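As structure tokens, the structure follows; a few thoughts come after it.
So that the names make sense, note that chain A is the first sequence line, chain B the second, and so on, each numbered from 1. These values consider heavy atoms only, across backbone and side chains, with no hydrogens, waters or symmetry-generated copies. Keep in mind that what you see is a predicted model, and the values were worked out from it rather than measured.
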There are 2 protein chains.
Amino acid sequence: MKIGKLAKLTACTIQTIRYYEKEGLLDTVKRSEGNYRLYDSRAIKQLMFIKHCRSLDITLSEIRQLIEIRDSPETTCNNVNALVDRHIKQVDLRIEELKELKRQLKILRRKCTTGRVVKDCGILLELSQ
Amino acid sequence: MKIGKLAKLTACTIQTIRYYEKEGLLDTVKRSEGNYRLYDSRAIKQLMFIKHCRSLDITLSEIRQLIEIRDSPETTCNNVNALVDRHIKQVDLRIEELKELKRQLKILRRKCTTGRVVKDCGILLELSQ
DNA sequence: GTTGACTCTATAGTGACTATAGACTTTAAA
DNA sequence: TTTAAAGTCTATAGTCACTATAGAGTCAAC
Ligand SMILES: [Zn+2]
Ligand SMILES: [Zn+2]
Ligand SMILES: [Zn+2]
Ligand SMILES: [Zn+2]
């Protein structure tokens, strides 16, 4: 299978696949005579793993760690749990930050009522302080 | 006042100040004989305006728009309101996305209990599907 | 044999900074 | 007065996870 088919099967772009290879997340595969990458089902699995992680906003660096962990099948998976826990905490923190941000923006929004003129605008006034 | 003092007064880094100038958000100021930038209170105001906007996650491009609007003091400020409204909507959307992400991560987390071994780890198993 | 679809590498761009390198200027102490 | 330290200058590269080109090569069908 060439890169175009892999891209369609996994709903990744071709550039992204090549990027993951360059970043060491996908194994390098053998090439055809014309230097085309040739993939098999193993590549599909690897790529879907990455996609699944990315859909959960797990960074490429974290994915690299997960791959490394996965390749030591006899060790405990405590560090997997730790990674996911850390990730959940970060998401939670970001949600709280954004909630506060929204609160601030709503306060700002209330400073102006429609139809005013720029020089009297409460929003611009507030932002200038 | 030289750039170092402005940086301290506004709690910006020197690089960021120069970056904002390069991006056209801060006026270019006159220089000393030794080519040092010389600022006055006007620069403090401009910089605090930018900082205030940035603390609300308003992009540099949006700040440029706000500056442009502010410089036409007799027009209506409807577009200021529109910009803030748009911004609030985006933040809201992002919060919802992150909440869903957190939900997914928690489901994932439950797939594993501590003390297991990598090859039986429910999290890695789930991510591989 | 030529068109068109596909793939290759290498490079630059995104946003909002941050971090250097290497040179110059100014201020303070010895 | 010399010299060391601190401050500033420009230019350039790095961050993250892609995305988008340019220009060249490969392959299949007509
Ligand atoms: Zn994470
Ligand atoms: Zn207004
Ligand atoms: Zn916005
Ligand atoms: Zn586990």
Given atom [atom1] of [X] and atom [atom2] of [N], what is their separation to the nearest angstrom?
X       : N      : atom1 : atom2 : result
A:Ile17 : D:dT19 : CD1   : P     : 12 Å
B:Gln15 : D:dC9  : CD    : C1'   : 12 Å
B:Lys30 : D:dC9  : NZ    : C1'   : 19 Å

Taking only heavy atoms on the protein side, list every residue of residues 52-68 of chain B lying under 4.0 Å from any atom of DNA chain D, sorted numerically.
none

May I ask whether B:Ile50 and B:Val29 are part of the same hydrophobic cluster, defined by side-chain heavy atoms of I, L, V, M, F, W, Y residues being less than 4.5 angstrom apart, directly or through others?
yes

Under-3.5 Å N/O pairs linking protein and nucleotides 5-8 of chain D:
unit_1: D:dG7; atom_1: N2; unit_2: B:Tyr36; atom_2: OH; d: 2.4
unit_1: D:dG7; atom_1: N3; unit_2: B:Tyr36; atom_2: OH; d: 3.3
unit_1: D:dT8; atom_1: OP1; unit_2: B:Gly4; atom_2: N; d: 2.9
unit_1: D:dT8; atom_1: OP2; unit_2: B:Gly4; atom_2: N; d: 3.4

Under 4.0 Å, heavy atom to any atom of DNA chain C: which of residues 84-104 of chain B qualify?
none

If you look at every heavy atom in B:Glu21 and B:Tyr39, which pair is closest and at what distance?
OE1-OH, 3.9 Å

For A:Leu6 and A:Thr10, which heavy atoms make the closest approach, and how far apart are they?
O-OG1, 2.7 Å

Would you check if the side chain of [X] reaches a backbone N or O of [Y] as a donor-acceptor pair within less than 3.5 Å?
X        : Y        : value
A:Glu96  : A:Leu93  : no
A:Arg64  : A:Glu68  : no
B:Arg109 : B:Cys112 : yes
B:His87  : B:Asp57  : yes

Taking the nucleotide of DNA chain D with the nearest heavy atom to each, does B:Arg31 or A:Tyr19 sit closer to the 5' end?
B:Arg31

Here's a test of your reading of the structure: between A:Gly34 and A:Thr16, which maps to the more 5' nucleotide of DNA chain D?
A:Thr16

5'-most to 3'-most nt of DNA chain C touching chain A (<4.0 Å, heavy-atom partner on protein side) reads C:dC6 to C:dT9

Kindly determine whether A:Arg31 and A:Leu38 satisfy side-chain contact (heavy atoms from CB on, under 4.5 Å), including the steps that lead there.
CA-CA 6 Å; A:Arg31 303 289 185 109; A:Leu38 295 176; 6.0 Å; no

Evaluate the side-chain contact (heavy atoms from CB on, under 4.5 Å) criterion for residues A:Arg18 and A:Arg37: first the C-alpha distance (whole Å), next the side-chain angles of each, then the deciding distance (0.1 Å), finally the verdict.
CA-CA 10 Å; A:Arg18 291 199 279 241; A:Arg37 289 172 181 83; 3.4 Å; yes

Steps toward side-chain contact (heavy atoms from CB on, under 4.5 Å) verdict (B:Tyr19, B:Leu60):
CA-CA 11 Å; B:Tyr19 173 69; B:Leu60 298 195; 3.6 Å; yes

Test side-chain hydrogen bond (donor to acceptor under 3.5 Å, both in side chains) applied to A:Ser72 and A:Thr75, step by step:
CA-CA 6 Å; A:Ser72 319; A:Thr75 61; 4.8 Å; no

Quick one: side-chain contact (heavy atoms from CB on, under 4.5 Å) partners of A:Lys51, sequence neighbours excluded?
A:Ala11, A:Cys12

Have a look at the helix from C:dG1-D:dC30 to C:dA30-D:dT1 and give the angle its two end axes make, five pairs each, rounded to 10 degrees.
30°

Should A:Ile67 and A:Phe49 be marked as a side-chain contact (heavy atoms from CB on, under 4.5 Å) after you check the CA-CA gap, both sets of side-chain angles, and the distance that decides it?
CA-CA 9 Å; A:Ile67 289 171; A:Phe49 179 81; 3.9 Å; yes

Would you say that B:Gln46 contacts B:Tyr20 through its side chain, given a criterion of any heavy-atom pair below 4.5 Å between the two side chains?
no

Kindly check if the number of other-residue, nucleotide or ligand heavy atoms within 6.0 Å of CD (B:Glu100) is above 12?
yes

